[in-house]
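Okay, so here's the structure we're looking at.
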Amino acid sequence: MDWLNKNELRRVLQKQIPHLSDDDILSYKVEEESSKGNNYSSRIFRIVVHMKEEGTSQPKYLALFSKAVINNAFGRTLKETGILAKEHLIYDSIIPKINAFLDNDFVSPIPYHSPQLGTIILEDLCDKGYKLINRIERLDYPKAVLVLRKLAKLHAASVALHKVEPELVEEAGKEIGLDETFKEQFVTFLDNALALVADRLVRWSEIEDHQKYAQGIRDVQKTFYTKMLRAREIPSKMLHVLNHGDLWLTNILFKFDDKNNSVKDCKFVDFQLSSYASPVIDLHYLLAANVQFHVFENSQEALLQEYLQALNTFLIEFNTNVTLSYEDLKAEYDRTQIVSFYAGIVILIPVLADPEQATDFSNYSDAEMEETSVFDGIVDSKYYRKELPKYLKYYKDKGILN
């Protein structure tokens, strides 16, 4: 973060502290934090600021979290596709307005102004007890319920905001990968991901019927993009919400109770792939890839009910004049199982990536980035190889894999 100096830091802080001057900032320190295995496109920094506090001689301490996109071919792709601009729009305009509905139970850390496209600055919640959980273990039932209730609050608040500012919400929810301008890049990404899994399955002879599953994935690959497009064609009567769009465990911070270590709260980060669509998009991502498989397999209906009850409660609380029936939610959830397949086969790769083997793109050259799939270095994780057969059988039984 070479651009950061005391004057720029004042500009960052003034969004939340309007009358701050350069003289009020006594000192600051920037430290890069390791994010190997948890972040594939950015460098992570912690900014610690000491400031004067009015009425006391003791300095005020403030910690910020900063995510800066890597300046290589991968980072430039994020910029060219508009993903970076979208995330800035969400943190600058959407999150503050959504949080206004929520009576301090915010869905995200408080955002600060960032003058640099590709750099997001948020309050650092570590000092308040928030942290990432072990993504390899994934969510048990109680943790999944807690995340679903917070997700329902985000979705309901987005419906309420859409009533007031529909153009803003829909602009923030435009799906980059469905734009004709970047269709070729998105199709290539999907094809490469599925081809990678199919290629590995040919070799992984310890998996029963591995050759048949490899062929099944190749068959899905032929029409995968078209089916994903159809899944995004929302029935007119279906509720539209602003989806997070990239709901995996490195984008969820959890707060634990000091007394019994139970989870008390969670907050979401990284809104680069948000979409104004059916809420089942986030539900598929969360449940298929981030919930323990036995919970996913045996408790989906109960989890959907938990989400729906919370969603309708918040929709009423926020005076949206709409609710969603279980019949409509379940029908849409079943209709869009291809999204679940994508999450359970592809998104599961980074979720179960071995932290010791995860690829670090920060030092890759442009040529290396162009030749490397984002999943190449992590697909061989022992955790993924252990869990993948359960998902293959599940999607075979669902009729997605023939």
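What you see is a predicted model, and the numbers here were worked out from it, not measured in a lab. The first residue of the sequence shown is numbered 1, and numbering continues consecutively from there.
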Salt bridge or not for [X] and [Y], using N-O below 4.0 Å?
X	Y	answer
Lys393	Glu297	no
Lys150	Asp105	yes
Asp270	Lys67	yes
Arg10	Asp22	yes
Glu327	Lys330	no
Arg46	Glu32	no
Glu206	Arg385	yes

What orientation do [X] and [Y] show, parallel under 30°, tilted 30 to 60°, or perpendicular over 60°?
X	Y	value
Phe296	Tyr394	tilted
Phe314	Phe318	parallel
Phe375	Phe189	tilted
His240	Tyr276	tilted

Let me confirm one number: the [atom1]-[atom2] distance from [X] to [Y], rounded to the nearest 0.5 Å.
X	Y	atom1	atom2	result
Thr81	Lys79	OG1	NZ	11.5 Å
Arg203	Ser205	CZ	OG	12.0 Å
Asn290	Lys143	CG	NZ	13.5 Å
Ile44	Phe65	CD1	CZ	4.0 Å
Leu303	Leu286	CG	CG	8.5 Å
Leu229	Glu175	CG	CD	9.0 Å

Using distance alone, with no hydrogens and no angle criterion, decide if [X] and [Y] have a side-chain donor and acceptor under 3.5 Å apart.
X	Y	answer
His162	Glu170	yes
Asp191	Tyr225	no
Asn251	His244	no
Tyr384	Asp354	no
Asp24	Ser21	yes

Exercise. For Ser262 and Phe256, what are the C-alpha separation, side-chain angles and deciding distance, and is it a side chain to side chain contact (heavy atoms under 4.5 Å, CB included)?
Worked result: CA-CA 5 Å; Ser262 62; Phe256 290 80; over 6 Å; no
Please check if the side chain of [X] supplies one atom and the backbone of [Y] the other of a donor-acceptor pair under 3.5 Å.
X	Y	result
Arg149	Ala310	no
Arg135	Ala353	yes
Lys29	Ile47	no
Ser42	Ile70	no
Ser114	Thr119	yes
Glu306	Val145	no
His50	Ser27	no

Does [X] reach the side chain of [Y], with side-chain heavy atoms less than 4.5 Å apart?
X	Y	result
Ser299	His294	no
His155	Tyr307	yes
Ser158	Ile98	yes
Leu249	Asn134	no
Lys267	Asp265	yes
Glu165	Lys97	yes
Leu132	Phe254	no
Arg218	Val202	yes

Exercise. Within 45 degrees of the axis of the six-membered ring of Tyr213 and under 6.0 Å from its centre: does Lys396 put its NZ or CZ there?
Worked result: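 Not satisfied by the 6.0 Å and 45° rule.
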For this session: Take Glu8 and Arg11 through the salt bridge (charged side-chain N to carboxylate O under 4.0 Å, His left out) test and state the conclusion after the steps.
Result: CA-CA 5 Å; Glu8 291 293 346; Arg11 292 177 60 199; 2.9 Å; yes
Exercise. Considering residues, nucleotides and ligands other than Lys128, do more than 12 of their heavy atoms fall under 6.0 Å from its NZ?
Worked result: no
Exercise. Under the side-chain hydrogen bond (donor to acceptor under 3.5 Å, both in side chains) rule, what pairs show up with a residue in residues 335-347, not counting sequence neighbours?
Worked result: His284-Thr336, Glu332-Arg335, Ser340-Tyr395
Problem set entry | Sequence neighbours excluded, every pair satisfying side-chain hydrogen bond (donor to acceptor under 3.5 Å, both in side chains) that has a member inside residues 312-325 | Ser325-Asp328
Problem set entry | Check against side chain to side chain donor-acceptor pair (under 3.5 Å), Tyr285 and Asn243 | CA-CA 11 Å; Tyr285 270 62; Asn243 285 266; over 6 Å; no
Problem set entry | Ring centers of Phe293, Tyr391 separated by less than 6.0 Å |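 Centroid distance Phe293-Tyr391: below 6.0 Å, so yes.
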Exercise. Given the rule in the ring pair (Phe, Tyr, Trp, His ring centres under 6.0 Å) test, do Phe271 and Tyr91 qualify, once you have shown the distances and angles that lead to the verdict?
Worked result: CA-CA 8 Å; Phe271 289 82; Tyr91 277 119; 5.7 Å; yes
For this session: Start with the C-alpha distance between Ser278 and Tyr333, add both sets of side-chain angles, then the distance that settles side chain to side chain contact (heavy atoms under 4.5 Å, CB included), and finish with yes or no.
Result: CA-CA 9 Å; Ser278 161; Tyr333 187 80; over 6 Å; no
For this session: Mind running side chain to side chain contact (heavy atoms under 4.5 Å, CB included) on Lys131 and Lys255 for me, showing each step along the way?
Result: CA-CA 7 Å; Lys131 61 183 180 180; Lys255 184 174 184 177; over 6 Å; no
Exercise. Checking side chain to side chain contact (heavy atoms under 4.5 Å, CB included) for the pair Val220/Asn402: CA distance, chi angles, key distance, verdict?
Worked result: CA-CA 9 Å; Val220 171; Asn402 293 324; over 6 Å; no
